[in-house]
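Sequence lines set the chain letters: A, B, ... in the order given, protein chains first and strands last, and positions in each chain run from 1.
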Protein chains: 4
Amino acid sequence: MEQSFSAPSANPETEEDRGQVAPESKWHRRAANRPEELFQAALAVVLEKGYRATRLEDIAHHAGVTKPLIYHYFKDKDDLVFKSLEWKIGQILDDMRSESGPSEAGTNERLRKLFEYSWARWRRTEFGFFHGTILFEMRLENPELFRKWTEVSLVQRWKVVEDILRAGQLRGDVRNDLDAAAAARFLISGGIQLAWLHLHTAIPEFAPCREKTLRETALNIFLRGIEPDRTEPAANP
Amino acid sequence: MEQSFSAPSANPETEEDRGQVAPESKWHRRAANRPEELFQAALAVVLEKGYRATRLEDIAHHAGVTKPLIYHYFKDKDDLVFKSLEWKIGQILDDMRSESGPSEAGTNERLRKLFEYSWARWRRTEFGFFHGTILFEMRLENPELFRKWTEVSLVQRWKVVEDILRAGQLRGDVRNDLDAAAAARFLISGGIQLAWLHLHTAIPEFAPCREKTLRETALNIFLRGIEPDRTEPAANP
Amino acid sequence: MEQSFSAPSANPETEEDRGQVAPESKWHRRAANRPEELFQAALAVVLEKGYRATRLEDIAHHAGVTKPLIYHYFKDKDDLVFKSLEWKIGQILDDMRSESGPSEAGTNERLRKLFEYSWARWRRTEFGFFHGTILFEMRLENPELFRKWTEVSLVQRWKVVEDILRAGQLRGDVRNDLDAAAAARFLISGGIQLAWLHLHTAIPEFAPCREKTLRETALNIFLRGIEPDRTEPAANP
Amino acid sequence: MEQSFSAPSANPETEEDRGQVAPESKWHRRAANRPEELFQAALAVVLEKGYRATRLEDIAHHAGVTKPLIYHYFKDKDDLVFKSLEWKIGQILDDMRSESGPSEAGTNERLRKLFEYSWARWRRTEFGFFHGTILFEMRLENPELFRKWTEVSLVQRWKVVEDILRAGQLRGDVRNDLDAAAAARFLISGGIQLAWLHLHTAIPEFAPCREKTLRETALNIFLRGIEPDRTEPAANP
DNA sequence: CATGAATGAGTGTTCATTCAT
DNA sequence: TATGAATGAACACTCATTCAT
């Protein structure tokens, strides 16, 4: 759970002492990108313990620095944590942008592809963390951040699906009486919840289920559920 | 959010009995059932702030008593909070038991009824609170409680839906290639997430949507998605 | 360690309900000698834990009553504890008075008898307790009590020995250049310390020694140490 | 009683450097060796009040620092107090090691010298404190420490005396029927008790006695008490 | 830049004591 | 007489934050 956040707690080789004898100075290593290291440490700890349960000490320790140093880079604890979260949101967003090539395939194919991409994202530890911490804790602690995150992780996804569905309706792939926006929310929110419960909680331990079945069943029901009626195949005036 | 939990922090009737003498006696309120009052106070505060951010002082104040009194009834803070949550889980469970008469209606009707009942439950403040606090915070702080709650709120519901689906498969109302367990999870988890996001977060403020549409679209897609294939149109007597 | 202090926590047979139906009153059993029961409970607990570590709750529990009841009989905690100690001191003193018949035996015999009586007393749990609690804790907490106790347990004993020694000096059993008062202190204080270390601490577990040897060696050395010089038997002008 | 432990609660030199500017900076005193200062403060307070009655606040105040600082150096209160006691035990032990040169004098001389050295130690405030606090309170609170201390202060001394006595027996200075181990205990335990009662309690106030007489009488009785029988007067060359 | 030392403002918990019945 | 309920005053311990170097 901490692999991608761990910071190098001391990396003596990168230092540029040469010629001069090591001058016994107390602080070696001016990290080029301290802030980012601190971001990662903060995220790792908050991921593991939750925001409220996270102590500044833990973050510092995780980053291999001392507490006061954090105040050189950030105003206070909240500043660090919230900026860390925003930084991660930005990263995830970048990652998402580079993701879905605008395909010309059929509606079902586009939805399937999107859903599977999304599921793969939801699998990731980081995502599980965000879904938990931000959706719950930040909703109370920092509504602004809550909003930013849901905008990125939910609302935009909803929109993408909504657009696909509308296009499908024009083509006749999707029944016209469907509320595309609501349907989109169902697919994405339902999928996220399914994935999160299955992949980031202990539920499978006492209520086991195969991940693939879960994913495909959900998608399948959805795709069938939005099909136009087939009994009157040309009944679309 | 605090309607059902608020306790009168001072009992006005006993205060000014007579304009004159009442010697400001230090404490009133012979508690009939303090423990339950404390449960409610604890729930109210934890609901509002989350478990980690809850201070004993707040609970005591909310219940109109002083901190040390809590130790008269409970071993420590966790004892109070966790027992409060369990108490509420029990209540909700009782409530759920008295709910769904075993109907002889068709599969669709039974699912619709169940979903609508459930949605009504998900609307309630208390439920939103549990979904947040327990699913997220208790997952980390008290896995046992997390398990108890998910067992009640999710796993059992899944089973009910699963049974209905299997019965439907026998009747021919539901297609046979459907994995009933996975489908049940999709309906319930998706519904909860939809309801929670819509009813217990600020999302509708910046991404509005009609609740009814949301609910009915989800149900509708699901019901259509589980129908047997109609390509063999005469197979339906 | 608690045998002699345990209070009957409920003794229904002694109640005088007759004729009338048991009136469901909350408080049965007016103990005839509550104070003494409380003394014993207090002593038992203080013995086990020391004065500072003793909580009123413990005493009440030990006596089979509730905390507030103690305030019916005693002003506060200290009042109870100190009176308990005084009560016990009185008891021990009574016991001591009834002890040593004024014997007409020789000096050595009298000393031997006294020392062995005393040693038997020092063996007792209660004594070990007093020696520890009073000598150390009460010296700081209640000097008055410290004084009362040492007067009884030490000073008076010293005097008895001193008198025996002086009598012995007159008879010629004890050398005349001996300071009887100092010698008496050495015998008694040394004996107490020896007995206490051996009988009321864990020392024998890692530094074993036979009790009898200890006792007799000490007495023996003392008796020989106070003998008149035998080399010049009539050298006493 | 506090002479060697008192800490300056404010460092006057840094206070009024210049009459004017000094902006009342919140804290001074870059501690050279805080841990030891805290040891001393802890010992001073525990000495005065006993372990159970000692509040962290007092120790901090005594050391001229604030409570939380203690947690910078020690895990908790017990960690500080117990380590302080161990530190002192170590010091006393060191001190003892550098004490008695192995003399070639006669048995009596060796015992006299040892006893007088010991008495001088028992006089010291610190020793009286240890004898009280450790022998009584630590016996209940921290048996391990009790053992460490008695090992150092009693058992080892006993052994030294025992060895001298055995050597004396070989030489013929000490009678052979004497149990050297028991005799050693009598001398040391009796001496400690005598010294402690006389020097560290209020007893002399109401039962006066000259210290020198006490010390010499005890030693004298002991030395005479271990002599070989003189009934065979010519056996002494 | 970097940190060890220091602190103020909490926060949970204990306990002798008192109120109301 | 007897007690369950209640509290004030303390106390151990935590933690974000700042000082001095």
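Atom CD of residue D/Glu141 and atom CZ of residue D/Arg52 lie 4.0 Å apart, to the nearest 0.5 angstrom.
Nearest nucleotide to the A/Val65 side chain, out of E/dT3, F/dG4, E/dT7: E/dT3.
With a 4.5 Å cut-off on side-chain heavy atoms, B/Leu38 and B/Val65 count as touching. For the pair D/Phe136 and C/Ile134, the minimum side-chain heavy-atom distance is 4.5 Å or more. Looking only at side-chain heavy atoms (C-beta outward), C/Tyr71 and C/Asp79 stay at 4.5 Å or farther from each other. Taking 4.5 Å as the limit, every side-chain heavy atom of B/Lys88 sits out of range of all side-chain heavy atoms of B/Phe39.
A donor and an acceptor atom, one from each side chain of D/Tyr51 and D/Asp78, are located under 3.5 Å apart.
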Check your understanding: Going 5' to 3' along nucleotides 9-14 of chain F, which nucleotides have protein heavy atoms under 4.0 Å from the base (write B), which only from the sugar-phosphate (write S), and which from neither (write -)?
Key -> B-SBBB

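In terms of position on DNA chain E, the residue among D/Ile70 and A/Thr66 whose nearest nucleotide sits closer to the 5' end is A/Thr66.
Neither OP1 nor OP2 of F/dG4 sits under 4.0 Å from any side-chain N or O of B/Arg34. Of the side-chain N and O atoms in D/His72, one or more sit less than 4.0 angstrom from OP1 or OP2 of E/dA5.
Scanning for side chain to side chain donor-acceptor pair (under 3.5 Å) contacts around A/Glu86 gives A/Lys148, with sequence neighbours left out.
Atom CG in A/Leu69 sits roughly 14 Å away from atom C1' in F/dT18 (whole-Å rounding). For the pair C/Ile59 CD1 and E/dC15 C1', the interatomic distance rounds to 12 Å; values are reported in whole Å. Spacing between atom CG of A/Asp79 and atom C1' of F/dT17 amounts to 14 Å, rounded to whole angstrom units. D/Asn33 has its CG atom 11 Å from the P atom of E/dA6, to the nearest Å.
For the helix from E/dA2-F/dT21 to E/dT21-F/dA2, the terminal axes (five pairs an end, C1' atoms, rotation from four pairs onto the next four) enclose an angle of 20°, given to 10 degrees.
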Point to revise | A/Leu85 and A/Phe146: CA distance, side-chain angles, deciding distance, side-chain contact (heavy atoms from CB on, under 4.5 Å) verdict | key: CA-CA 10 Å; A/Leu85 291 168; A/Phe146 171 84; over 6 Å; no

